[in-house]
Colleague: 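One structure, as structure tokens, below. Some questions next.
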2 protein chains.
Amino acid sequence: MADVGRVAEVSAQTVSRFFTGSGYVSAPARERIEAAVAELGYRPNRTARSLRSSRSETVGVLAMGQSNYGLWSILGGLSRAARATGYSLLIAQLDIDTEDAGALAEVRHALDGFLSSRVDGIVVSTPFLGTEHLLDRIWDTLPVVTVSGRPWSGADAATADSYAAGLLATRHLTGLGHRRILHLAGPATRIEAVDRNRGYQDALAEHGAEPLPLVRGDWSAASGHAAGLTVDPDAFTAVFAGNDQMALGFMSALRSRGFAAPDDYSIVGIDDMPDARYFAPPLSSVYLDFTELGATAFAMIHERIRTGERLERRIVEPVLRARESTAPIG
Amino acid sequence: MADVGRVAEVSAQTVSRFFTGSGYVSAPARERIEAAVAELGYRPNRTARSLRSSRSETVGVLAMGQSNYGLWSILGGLSRAARATGYSLLIAQLDIDTEDAGALAEVRHALDGFLSSRVDGIVVSTPFLGTEHLLDRIWDTLPVVTVSGRPWSGADAATADSYAAGLLATRHLTGLGHRRILHLAGPATRIEAVDRNRGYQDALAEHGAEPLPLVRGDWSAASGHAAGLTVDPDAFTAVFAGNDQMALGFMSALRSRGFAAPDDYSIVGIDDMPDARYFAPPLSSVYLDFTELGATAFAMIHERIRTGERLERRIVEPVLRARESTAPIG
DNA sequence: TAGAGTGGTACGCGTAAGGGA
DNA sequence: TTCCCTTACGCGTACCACTCT
């Protein structure tokens, strides 16, 4: 940088102002600096800037849970929004789906890494029930935004309304006349799974119907398939799957047992992933805009970093997309 | 750090040695330092370390192309391998799928960001034909590993053998007696698409069969669906889809036109994404271990960073998984 | 007095290098 | 060889001072 200053015949200080945009740099100086930068191939050193200014323009993203459609869409939205503002994203994806000691240690380690790197904020995508206290100490000192079905005490939350999604999905089925509705839920440690289940129960209650015994999967098609092999097909007329992939696996299992949607049962999923409309039959699903959710999460943490202000909690609303996997009860 | 030294009654230098593991620190000093670190809640500052040592223990990952199963799996493998060695990942996902000027500018900008952040190396996941020259200047000075169907001049490459995958998929069909085989290919800018197409052509040539006019998609199920609506169903007896998602869309379109696999035609995909076995019918596909590919890419760049040595190019081999979407020609 | 434009100095937090017991 | 210390940076920015309209 001193070199640039020398070539441009200004002080290093002025070059710094040129890059940060703080303070006054005259037009001629500006031009000479630009020329010198081009000539020398100079590139500002973010590390040094970060050390001195204690702002890194970097956000840590902690992604918990196995890699799936929703998670990556969120990361895509985060990434695009970050790039648009010049921020970098330090991403740690943890393939954990439980809250045992090892998993918590991994989370702690990833968070330590972010703190050591002096990130300006942390986004936690779909935190577990049980990891809350790991964030406790952090959000006193650093902006934290969770992407979560529910707002947490100290952190801001960008929320996809899982409760509403569960309600919407189940109401779609009750609206078609179904009362014996099976719920294929996600993991109990997942806020989204819990909230979708609540929505399911409340929608049933509107019609005085009883929930059937809960069947659990882990969001994967394989777990949906496993569930489909063990359920009693006479116990339900419709299924509300916690996500599209479990619905896919479930349909496959029932097909192998001679039952097909929508003739033998109706099924609705959540996410409306792009593939869902091409399933056989095309899957009715509740759309959640995860890309928007990620972008929102970034906007929230960015605002918090810049101004210290908390943006109002933002909610992505679910939208029902009825297709051929659901039909009126016959 | 000086504070830690004061409390532990050693110099800051010794504390530094304690953390970096370079040089000698006696057991008692070690204990006192540990106690002091715990007492003060001290956390080393990676920014300062990076500035002084000019090693950031951070790798930049440039992910090009729309978010899909293969890309996510690669990133997952990279992330896990990085965490295992204490490295951080700066990830930029660019939702671009063409090589127009704007896209190249985005790539350049993302790479600039990595260089400004003084990453120790760059991984480019599935580069385009046409972005090569953007990396030219970089790999002279910085380790670059591409995750690509083909090794590039200056960069190491972790490779999933797309040519072999195309060969395998097509041979599976010719082995079942098919000769009029349609290829639903990925974008022409994609090395993987080009190589899979070569495999297809060579496998046909083994039987003196002619390729049918190429149909292109963009890897998405929607593009497969669009293709399936326009093709002439009498022109082929089998389809080789460039990936599973296009196969899904294609099957859906043909189903709507009254044609079903495997009775009316056979279809094979590539990737063997976890959902593929639950499609209707279960999709024959060529498995590629993208997670392993990502882990391999990290191992290569890590070795290059640590020792300067180039690891031998590593190739992930495809594996055919025949299921019910393919049948002998009737 | 206010504001535009520029420069000098100290400092952020560690590590490399080299010396000394 | 083991152990520890002192000194000099790495590369920018915060802060303040200064000049000139």
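Within every chain, numbering begins at 1; the chains are lettered A, B, ... in the order of the sequence lines, protein sequences first and strands thereafter.
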Colleague: For Phe19(B) and dA16(C), what is the distance between atoms CZ and C1' respectively, to the nearest whole Å?
Modeller: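 Taking atom C1' of dA16(C) as the reference, CZ of Phe19(B) is at 18 Å.
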Colleague: Regarding Thr20(A), tell me which of base, sugar-phosphate or nothing describes its non-hydrogen contacts under 4.0 Å with the strands shown.
Modeller: sugar-phosphate
Colleague: For a quick check of understanding: with a heavy-atom distance under 4.0 Å over all strands, which category does Val15(A) fall into, base, sugar-phosphate or nothing?
Modeller: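 No contact at all - Val15(A) keeps every heavy atom at 4.0 Å or more from the nucleic acid.
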Colleague: Nearest nucleotide by nearest heavy atom, which residue falls closer to the 5' end of DNA chain D, Arg49(B) or Arg17(B)?
Modeller: Arg17(B)
Colleague: Gln66(A) and Asn68(A): side chain to side chain donor-acceptor pair (under 3.5 Å), yes or no, with the steps?
Modeller: CA-CA 6 Å; Gln66(A) 56 192 10; Asn68(A) 63 23; over 6 Å; no
Colleague: Is Arg46(A) touching bases, backbone alone, or none of the nucleic acid, heavy atoms closer than 4.0 Å?
Modeller: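 Nothing, no heavy atom under 4.0 Å.
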Colleague: Determine the contact category for Phe18(B): base if any of its heavy atoms lies under 4.0 Å from a base atom, sugar-phosphate if only primed atoms, P, OP1 or OP2 are that close, otherwise nothing.
Modeller: nothing
Colleague: Please tell me whether Tyr69(B) and Tyr69(A) form a close aromatic pair, meaning their ring centres lie under 6.0 Å apart.
Modeller: no
Colleague: What I want to find out is whether Arg55(A) reaches Asp120(A) closely enough, with some N-O distance under 4.0 Å, to be called a salt bridge.
Modeller: no
Colleague: Sequence neighbours excluded, which residues qualify as salt bridge (Lys or Arg N to Asp or Glu O under 4.0 Å) partners of Arg43(A)?
Modeller: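 Partners of Arg43(A) under the salt bridge (Lys or Arg N to Asp or Glu O under 4.0 Å) test: Asp112(B).
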Colleague: Taking the nucleotide of DNA chain D with the closest heavy atom to each, which residue, Ala12(A) or Glu9(B), is nearer the 5' end?
Modeller: Glu9(B)
Colleague: What are the bounds, 5' to 3', of the part of DNA chain D that sits under 4.0 Å from heavy atoms of chain B?
Modeller: dT2(D) to dC11(D)
Colleague: Could you tell me whether the phosphate oxygens of dG7(C), OP1 or OP2, come under 4.0 Å of any side-chain nitrogen or oxygen in Ser11(A)?
Modeller: yes
Colleague: Checking contacts here: which listed nucleotide (dA16(C), dG7(C), dG14(C)) is nearest the side-chain heavy atoms of Arg55(B)?
Modeller: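 Within the option list, the nearest is dA16(C).
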Colleague: At less than 4.0 Å, is any side-chain N or O atom of Ser26(A) found next to OP1 or OP2 of dT6(C)? Yes or no.
Modeller: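 So the side chain of Ser26(A) is within the cut-off, an N or O lying under 4.0 Å from OP1 or OP2 of dT6(C).
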Colleague: Which part of the nucleic acid, if any, lies within contact of Arg30(B), taking any heavy atom under 4.0 Å across all strands shown: a base, the sugar-phosphate backbone alone, or nothing?
Modeller: nothing
Colleague: Is any side-chain N or O of Arg52(B) closer than 4.0 Å to OP1 or OP2 of dA16(C)?
Modeller: no
Colleague: Can you sort out the partners of Phe18(A) under ring-ring contact (aromatic ring centres under 6.0 Å, His included), two or more places apart, ordered by chain and number?
Modeller: none
Colleague: For Ser56(A) and Arg49(A), does a side-chain donor sit closer than 3.5 Å to a side-chain acceptor?
Modeller: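 Note: Ser56(A) and Arg49(A) side chains miss the donor-acceptor criterion.
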Colleague: Does either side chain, that of Ser50(B) or that of Thr47(B), offer a donor lying less than 3.5 Å from an acceptor on the other one?
Modeller: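 No, Thr47(B) and Ser50(B) have no side-chain donor paired with an acceptor closer than 3.5 Å.
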